[in-house]
Amino acid sequence: MASRVSTASQRHAAVAILRSASATRDLSKGMALHARLILSTPFDIVLHNHLIAFYAKCGCLGLARKVFDAMPFRNSVSGNFLMSGYISSGHHRDALGLLRVIDFGGSWMVRTIVRSMARAVEQWDHVSYVTVLGHCASMKDLVLGVQVHAQALKRRLELKVYVGSALVDMYGKCDCAHDAHCVFEVLPEKNVVSWTAIMNAYNQKELFEDALQLFLDMEMSGVRPNDITYAVALNNCAGLAALRTGSALGVSALKTGYWRYLPVSNALINMYSKSGSIKDAWKVFTSMPYHDVVSWNLTITGYAHHGLAREAMEAFHYMLSVAEVPSYVTFVGVLSACAQLGLVDEGFYYLNTMMKEVGVIPGKEHYTCMVGLLCRAGRLDEAEQFIMSNCIVTDVVAWRSLLISCQVYRNYGLGHRVAEQILLLKPNDVGTYVLLSNMYAKANRWDGVVKVRKLMRNMGVRKEPGVSWIQVGSEVHVFRAEDKVHPQMDQITEKLEELIYQIKAIGYIPNFAMVLHDIEDEQKEEHLMYHSQSSVVQYIPRKGYQIHPCRLSAAIQNEVHVTLLIYFDVIKKILTEKPEIDEAYREATLRNAS
DNA sequence: CGTCCCCATT
């Protein structure tokens, strides 16, 4: 009896050592323990399982495997540790081979799954299912996910809360919100993770309102949100630019103490930024005790989105000064800021020198920014060369950027070439076809206009209704392209025309858009004037455009920026009698928060 | 042993 107690406590201590060695990736510490363990008798399966976990964490899959193979007997935990080790280090084939889900005779994916799955699946425990489903979720492997689901059903495991939540998440990540919902609905016990997973599935599908409703349902059912739940809910607000709801959630997170968690404060930055309140986003940032690279990236790209490229660059340099290492996304933000400011040399310095220094390999998005930068500087031919020599010839976005600049600089010769180039890529979004049609119209190539129209019809490309909305106070003002039902429509249109007149007077080409007009009338000069690349409007993937109070087009300079700010002030005043109330409310919220 | 968040170009 006494010896058993001592063994148990020794085991406890050994597990603790292995855990800490895993956490710090202290290979020698764990190996020393391993050496002692080999000599000790009797064989302890729990310790050996943790040994597998330790080696797997340290990236020594070979050693983990050796321990596994040398064990006189194993349990499902041994397999799970090894498998999650393989999965997290990317050896998916080995991981799944371990449990013989898949034969590796040929392609590892689809065909062999069904045949071989039944063989070893009886060795799985419920954690195996969770592990594999997590893998399916991150790989978006719906085919395997469905197979696993079928097996789970057979063994009646799908109602267990961990397995169920993993299923909900898997379907959500695979873009099957409906299936996620079905699994979620029948779960007899739903915990905070199940709720968060389903909310996130709706978020993925851009069903933001439904996701927010789920947040309320969850609270009604007595489940408390955690930091991730708040983050997901705030991301839904960001998708709707629902400033009021987002602020309220921020206050709620403050009350419950989740405000200080990184996912929550990052989501708050995102929400404020996407809702047009970049100042509040910055206030959140400065009130955070520490930041991660996502916080920085959100701030940098947030400023860039608002046309505040100077501030974006400042934030970037601030980031470097506190020795935070920029990431792939950081450089996307920085280069887009450079593009706005026309900083060609600096842009190339970041692309060719700094990115190499910090070990970030430039990708499509960076090259696309560089195209935008060259276009912004009016170096259209270089931009064309750049596209062709940087493996982004198939990137519609890059060509579109060039196409727009061709219009701005009235270089219709190049514009025509670019349009032909884009057509070869067979784009499938309306926006591109509208741009193409505009280009041809401007270049007086009516044959081109007809061609584009025909293509759109044949491909079944339908025009999404242009919708803009802005939240002022507690009201959301919606503007549809095809109707003019907003009571203050006349006033707003009048102001818009006035502003465009002013911009033209200073000599700028008004390429900012406010989608209050009908994009059906592509041929009208008026339309060509209003409709162009994103600027005052921010595209929201779901259904339309969100007017940003201070978003500024790359091609518009400072004095126009000021005009725009004034202009949006005017709009706000038109839309609300007492705009300062909303302002005061936000101030109060922020004061509470910090 | 395990499930939920993570920013980007036009």
ask   = Quick one: which of B/dT3, B/dC7, B/dC1 gets closest to the side chain of A/Phe81?
value = B/dC1

note = Rounded to the nearest 0.5 angstrom, the CG-CD distance for A/Leu373 and A/Glu346 is 10.0 Å

inquiry  = Of the options B/dG2, B/dT10, B/dC4, whose atoms approach the side-chain atoms of A/Val127 most closely?
reply    = B/dG2

ask   = If you check the A/Ala231 side chain, which of B/dC4, B/dC6, B/dC5 turns out closest?
value = B/dC5

Separation of B/dG2 P from A/Glu189 CD (nearest whole Å) = 18 Å

Aromatic ring pairing A/Trp282/A/Tyr303, orientation class (parallel under 30°, perpendicular over 60°, tilted between) = tilted

request  = Measure the distance from CG on A/Leu402 to P on B/dT9 and round it to the nearest whole Å.
outcome  = 19 Å

message = Heavy atoms from C-beta onward define the side chain here; which of B/dC5, B/dT9, B/dC1 lies closest to that of A/Asn200?
response = B/dC5

key: A/Arg19 side-chain N/O to B/dC1 phosphate OP1/OP2 under 4.0 Å   = yes

message = Tell me whether the side-chain N/O atoms of A/Lys173 come closer than 4.0 Å to OP1 or OP2 in B/dC6.
response = no

ask   = Does A/Asn297 have a side-chain nitrogen or oxygen under 4.0 Å from the phosphate oxygens OP1 or OP2 of B/dA8?
value = no

query = Would you say the side chains of A/Asn270 and A/Ser273 form a donor-acceptor pair under 3.5 Å?
reply = no

inquiry  = In this structure, how many angstroms lie between the P atom of B/dC7 and the CE atom of A/Met271, rounded?
reply    = 15 Å

query = Quick one: which of B/dA8, B/dG2, B/dT10 gets closest to the side chain of A/Val130?
reply = B/dG2

request  = List the steps and the verdict of ring pair (Phe, Tyr, Trp, His ring centres under 6.0 Å) for A/His126 and A/Tyr162.
outcome  = CA-CA 8 Å; A/His126 61 111; A/Tyr162 266 70; 7.7 Å; no

ask   = Taking atom C1' of B/dC4 as reference, at what distance in whole Å does atom CG of A/Leu167 sit?
value = 14 Å

message = For A/Trp195, run the ring-ring contact (aromatic ring centres under 6.0 Å, His included) check against A/Phe184, A/Tyr202, A/Phe215 and tell me which one passes.
response = A/Phe184

request  = For the side chain of A/His126, starting at C-beta, report the closest nucleotide among B/dC4, B/dG2, B/dT3.
outcome  = B/dG2

request  = Among B/dC5, B/dC1, B/dG2, find the nucleotide with the atom closest to the side chain of A/Tyr162.
outcome  = B/dG2

query = A/Lys274 side chain: which of B/dA8, B/dT10, B/dC5 is closest?
reply = B/dA8

ask   = On a plain distance test, is the side chain of A/Thr368 in donor-acceptor contact with the base of B/dT9 below 3.5 Å?
value = yes

ask   = Once you round it to whole Å, what is the distance between P of B/dC5 and CE of A/Met218?
value = 15 Å

key: Residue pair A/Ser128 / A/Thr131, side-chain donor-acceptor N/O under 3.5 Å   = no

ask   = Taking atom C1' of B/dT10 as reference, at what distance in whole Å does atom CD of A/Gln340 sit?
value = 12 Å

ask   = Which whole-number value in Å describes the distance from A/Tyr261 OH to B/dC5 P?
value = 17 Å

request  = Send over the distance from A/Asn390 CG to B/dT9 P, rounded to a whole Å.
outcome  = 19 Å

inquiry  = If you only use heavy atoms from C-beta on, which nucleotide in B/dC1, B/dA8, B/dC5 is closest to the side chain of A/Thr301?
reply    = B/dA8

Which nucleotide in B/dG2, B/dC5, B/dA8 has an atom nearest any side-chain atom of A/His305 = B/dA8

SG-CG distance between A/Cys369 and A/Leu335, expressed to the nearest 0.5 angstrom = 5.5 Å

request  = Would you mind classifying the nucleic acid contact of A/Tyr328 as base, sugar-phosphate or nothing, using non-hydrogen atoms under 4.0 angstrom?
outcome  = base

message = For a quick check of understanding: with a heavy-atom distance under 4.0 Å over all strands, which category does A/Val232 fall into, base, sugar-phosphate or nothing?
response = sugar-phosphate

query = Which parts of residues 51-60 of chain A get close to DNA chain B, meaning a heavy atom less than 4.0 angstrom away?
reply = none

ask   = Would A/Glu384 and A/Arg417 pass as an ion pair if we require N to O under 4.0 Å?
value = yes

task = Just call it for A/Asn226: base, sugar-phosphate, or nothing, with non-hydrogen atoms closer than 4.0 Å on any strand.
result = base

inquiry  = Is it true that A/Ser265 and A/Arg260 share a donor-acceptor pair across their side chains at a distance under 3.5 Å?
reply    = no

